[in-house]
Structure formats: C-alpha cells, structure tokens
Number of protein chains: 2
Amino acid sequence: MAKQALAEFARPLTTVDVAIFTVAHDALQVLLVQRPEAPGEPFPGRWALPGGFVDVDRDPDLRSCALRKLKEKTGVASPYLEQLGSWGSAARDPRGWSATHAYFALVSREPLALKAGGNAPDARWFAVGEAGELRLAFDHAEILAAALSRLRSKVEYTSLPAFVLPREFTLSELQRTYEIVLGRSLEKSAFRTRVLAARLVQPIGKTRQGPNRPAQMYRLRDPRAPVFFARTFNPR
Amino acid sequence: MAKQALAEFARPLTTVDVAIFTVAHDALQVLLVQRPEAPGEPFPGRWALPGGFVDVDRDPDLRSCALRKLKEKTGVASPYLEQLGSWGSAARDPRGWSATHAYFALVSREPLALKAGGNAPDARWFAVGEAGELRLAFDHAEILAAALSRLRSKVEYTSLPAFVLPREFTLSELQRTYEIVLGRSLEKSAFRTRVLAARLVQPIGKTRQGPNRPAQMYRLRDPRAPVFFARTFNPR
DNA sequence: GTAATAGTGTCTATCAGACACTATGGT
DNA sequence: ACCATAGTGTCTGATAGACACTATTAC
C-alpha cells in the first residue's frame, strides 16, 4: 500500500493548544495550566496554555480536539472558538519536531466559577499582565502574544467582546468590556450609536435594577457569529 | 487524566499546502499542481494546491517548509506569505488522520513567465473561476475557498494587491489590481486619495510612457509589510 | 486638432469623537 | 433634593463616493 511511501517521512508530533480568555475583575484573564512534574515531561512545573496531543481515536478533527480540551478545563461547551494559527518547528518541543494548532476562545465568566478549581486543580486564571511575566512552557509566550494581538485588533472592528458577557447584558457593561480589552476608554455616545446601528444586539423587555437609573438589557442578535464593523474605532 | 506515554499517541500525517495567487490577464490566478498517477497515491490525476509532507530533516519550521514548496514551484524566494489556517481530520486523507498547515502567497507575475512550465511541468495557473469547478484533491477546494475569502476581505482594508505587481507600478495599475481582486470597480479619485494618504507608496522619478499622458511610477514604501487602512472601501 | 489616459477639485453622505444635555432610579 | 448612572442631541472632522473638470502625451 501507500505505507511504504509514507514511511519515508518521520511524522512530527501534533498538538492543539487553546488560549482561553474571559474578562473578570476589570481585567482580561487567560486560563493557564501547570505542566506535570513527572520524569520525562518537558517544562515541568511551568505554566502553559491548556492543550495536548491530538488523539486520533477520539478527535474527528482539530476543532473537536480544541473543544474537548476547552470542555475538560472549563466545562464550557459552546464558546466563541476561532483558529489562531499553527506553530511548528524542530526546536519548540525537546521531544522532537512538533507542530501545534492554536485556537483562541472567549468564554463568559458566569458558568466558570463552578468549574474553576473543581475540575482542573492545576488550572488558574491569570490577568494577561501577570501571564506575560511567567516564562511559559514551550513557545506559549509567543502564542499567547499572538492571541492577544489578534484579539485586540479584532476588537477594533468586531463584536468579539460580547462573547465574554453573560447572555443578557447592558450597553454599559458591553462598553466596559470593550474598554478593558482595548486598554483605553471609549466615548459613550459614539459607542452606543455604533453598536445599535450595526444591529449587533436587540433589547429584551427587562431592565437591570440598581442604585440609580435602571438600564435596558440586551441580548446578541446572533449569538453564533461575530459582527464586523466597516470602520475601526479611531485611535486616540 | 494522567499523562500518557508519548508512544501511545499515533501521530497524524503533517503537511503544508500553499495557495499561490497572482493577477494576470485581468484575472486572479491560482497555481495548481496535478497529483501523481503512481499506485497508492490518493486522488491520482486530480489538481491540488502545491504542498506536501513536512520534511523534519530539511524544514526547520513550518514557514520554511512553505517557502521551500513555493520556491520549488515558482522560483520565487521572497513573496508575501501569510499563514491561512490548518485543516486536520481523520477523513481528509485516505492514508489516515492528517493535518495540513495552509499558507497563502502573493507573487508578482513578472518573474514567473520563466519558471512556469520549465521547472514544474505538472503546475499550471488557473483563473480562480476555473479552479472553482475542478473538484480538487483532498479538501483543497475548501482551503482555496478560505484563501480567496481571506484575500478578498483583506483587500478591503489592506495593501495586499500591491504584492502581485512588479516593484514599480502606476496608480492606475494598482487600482486595476484592486478591482480585479475585489470583483468590482472603484472610484479613481477616492482610490488615489486613500492610497496616498496612507503613505502606502512613494513616487520614484520615472514615468511610464504610453500612447497618451505618461503616468507617475511608484514603489511600495515598505515592501515587507502590508499597510492597514482604518476603513474598508464602502460596499457598492 | 482628437483620442486616451492621468490626475484634481468640489460637493455630499456617513460616522466617530467631543461634550453638553436630559432622564430616572435609589437614598 | 442629591447622586449616580442611563441615555440623547448637536457640532465638528475625517474620509469615501459621485462626478465633472483639467493636464499631458501620441498621433
């Protein structure tokens, strides 16, 4: 069969890694896991993006593999999940030539309080600032930087931040989320005009009660697909 | 779950494929190669994107592998080359679970006339319309569609079309290239204002002579990096 | 001169930013 | 009444599109 021709090629290791983001405590957070200390394991004890080998028996395709790893760590089944890119080289893993397929995911912090700690005691949320100082395993610092770069640039012209909010939210909460991810403040009036004109959200009947004027609550018009704006926010 | 020994994981096949585009004869063209007819080869005789197995002895990393394949087919050494994404599943290759790292490249048609045919007699340029009707090998139809989609959407807000032109060109030629890739016409005055305001190009002394008024010639200000515009062209 | 393409100017529409203003709840 | 946050209106500036206009070459 074709096996003979194939045998000429040594096969690289194949993994999937996921940069999982949420917004909590007024900061963009990324989920990291600690590498095992077992002998033979590379980067023992270091923090890394959640991920691991593709399991050719369990994973029908790459996206399923990423979803499986996401579910194992967070319990979230249907997040915003986007392919980020792939990193492959002879040098990135001491065990040999390896290629990883990197994804990035946005999850609402709401259902997370339950799982974090319980299911995966080696997993922890880090504010992205802290994570940047950790000397991550493999080339995960580079992958995380690429994920942050992709996220921050897409926030300028898409509805991505809406995916870290619970299903119902106010426009002020949405704006605050944009500001946290962008790292700069936005003008309220322009923000609302833009979001409403793009028909990104639709009002539901309810209002959020608080110590002051109640706010209209909204929901994404299409929770599956992000919206793209024709213009970016202007740089300050 | 406890960490598995490395040997327990069957390794997927690892390949790199490149969608190589240029503009010629008033059309966007993509380079395809014909699959070999040898026994045991999947999709014999079908057209496919140029690509193949990562060679862990020759390729230090994925990008180098893509550049090698590009060079083999076109002779071009320093094109615009961008990672497109990866496709991996149990089903896409009859030889087993496989993952491909897809790139897309933009090359100037100028140095190509030489190589096309000579170096790789199984390689041919197809207008993307024709290519769409070919029933390509593997999932290459899907990959090509993704490359086209990425290219067309980036053309709305980047300087990518400039990379299929020779080093010196006129603004009319640049505009015509945009129009071919976008599939719609653009307004001359707005186009020129936009391109010049973005400082994408710089005039060189020369003019292009012709049967009518000569045109100023330009060169990319930074031939390595694309320029991003803050706004897209408005939809027609 | 004419034909043909290069290149400019003027007007309008759209939308982000700035900023002041009004609205509505709790206390 | 006062505070805090929700939400609106009005003005300005940047830039894309439409379209007419001028400029410069070959013939």
Side-chain angles (χ1 to χ4, degrees), chain A residues 26 153 155-159 161 165 168-180 182-219 227-236, chain B residues 26 153 155-159 161 165 168-180 182-219 227-236:
Chain A
D26 271 356
S153 74
V155 166
E156 298 278 356
Y157 60 92
T158 69
S159 61
L165 290 174
E168 300 178 351
F169 51 84
T170 69
L171 289 189
S172 296
E173 290 165 348
L174 182 60
Q175 179 175 349
R176 185 77 195 112
T177 306
Y178 268 87
E179 291 173 338
I180 288 167
L182 282 172
R184 69 175 197 266
S185 59
L186 296 171
E187 207 283 322
K188 180 169 55 166
S189 172
F191 179 82
R192 300 171 85 93
T193 308
R194 179 179 163 113
V195 164
L196 294 174
R199 300 176 50 83
L200 195 160
V201 295
Q202 63 188 154
I204 60 181
K206 289 188 277 184
T207 54
R208 157 132 325 149
Q209 302 298 331
N212 31 46
R213 177 173 173 175
Q216 180 60 236
M217 301 210 67
Y218 293 83
R219 176 182 299 161
V227 171
F228 290 75
F229 303 105
R231 299 168 61 168
T232 63
F233 292 107
N234 286 0
R236 207 188 357 202
Chain B
D26 273 355
S153 75
V155 165
E156 298 279 356
Y157 60 93
T158 69
S159 61
L165 290 174
E168 299 178 352
F169 51 85
T170 69
L171 289 190
S172 295
E173 290 166 348
L174 182 59
Q175 180 176 348
R176 185 77 194 108
T177 306
Y178 267 86
E179 291 173 337
I180 288 167
L182 282 172
R184 70 176 196 267
S185 60
L186 297 171
E187 207 283 322
K188 179 168 56 165
S189 172
F191 179 81
R192 299 171 84 92
T193 309
R194 180 182 164 109
V195 164
L196 294 174
R199 299 176 52 82
L200 194 160
V201 295
Q202 63 190 154
I204 61 182
K206 289 187 275 185
T207 54
R208 155 131 328 145
Q209 301 297 329
N212 32 45
R213 175 173 174 176
Q216 180 59 237
M217 301 211 64
Y218 293 83
R219 177 182 296 161
V227 171
F228 290 75
F229 303 105
R231 298 169 62 167
T232 63
F233 293 106
N234 285 1
R236 199 178 22 177

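Numbers restart at 1 for each chain; the letters A, B, ... are given by sequence-line order, proteins then strands.
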Nearest-angstrom distance from the residue atom [atom1] of [X] to [atom2] of [N]:
{"X": "A:L196", "N": "D:dG9", "atom1": "CG", "atom2": "P", "answer": "12 Å"}
{"X": "A:L186", "N": "C:dC15", "atom1": "CG", "atom2": "P", "answer": "18 Å"}
{"X": "B:R231", "N": "C:dA13", "atom1": "CZ", "atom2": "P", "answer": "15 Å"}
{"X": "B:F191", "N": "C:dG7", "atom1": "CZ", "atom2": "P", "answer": "12 Å"}
{"X": "B:L174", "N": "C:dG7", "atom1": "CG", "atom2": "P", "answer": "12 Å"}
{"X": "A:F233", "N": "D:dG13", "atom1": "CZ", "atom2": "C1'", "answer": "18 Å"}
{"X": "B:Q175", "N": "C:dT5", "atom1": "CD", "atom2": "C1'", "answer": "12 Å"}
{"X": "A:Y178", "N": "C:dG17", "atom1": "OH", "atom2": "P", "answer": "13 Å"}

### Message
Tell me which pairs pass side chain to side chain donor-acceptor pair (under 3.5 Å) where either residue lies in residues 194-206 of chain B, with sequence neighbours left out.
### Response
B:E168-B:K206
Run the side chain to side chain contact (heavy atoms under 4.5 Å, CB included) test against [X] and tell me which residues pass, sequence neighbours left out.
{"X": "A:L196", "answer": "A:L171, A:V201, A:Y218"}
{"X": "B:A190", "answer": "B:E187"}
{"X": "A:E173", "answer": "A:F169, A:T170, A:R208"}

### Query
Who pairs with A:Y157 by ring pair (Phe, Tyr, Trp, His ring centres under 6.0 Å), at least two apart in sequence or on another chain?
none
### Message
I need a per-nucleotide contact map over nucleotides 21-27 of chain D, read 5' to 3'. Cutoff is protein heavy atoms under 4.0 Å; write B for the base, S for backbone only, - otherwise.
### Response
--BBBS-
### Backbone N/O of A:F191 and side chain of A:Q175: donor-acceptor pair under 3.5 Å
no
Using a heavy-atom cut-off of under 4.0 Å over every strand shown, decide if [X] touches base, sugar-phosphate, or nothing.
{"X": "B:A190", "value": "base"}
{"X": "A:R192", "value": "base"}
{"X": "B:S189", "value": "base"}

### Message
It should be established whether A:S172 places a side-chain nitrogen or oxygen under 4.0 Å from OP1 or OP2 of nucleotide D:dT5.
### Response
no
### Query
Within the structure, does a side-chain N or O atom of B:R194 lie under 4.0 Å from either OP1 or OP2 of D:dA16?
yes
### Message
Closest-nucleotide mapping onto DNA chain D: is B:T193 or B:E187 further toward the 5' terminus? I mean the 5' end.
### Response
B:T193
### Message
If you assign each of A:F229 and B:A215 to its closest nucleotide in DNA chain C, which residue comes earlier from the 5' end?
### Response
B:A215
### Query
Using a distance-only test with no angle check, is there a side-chain donor-acceptor pair under 3.5 angstrom linking B:Q209 and B:T207?
yes
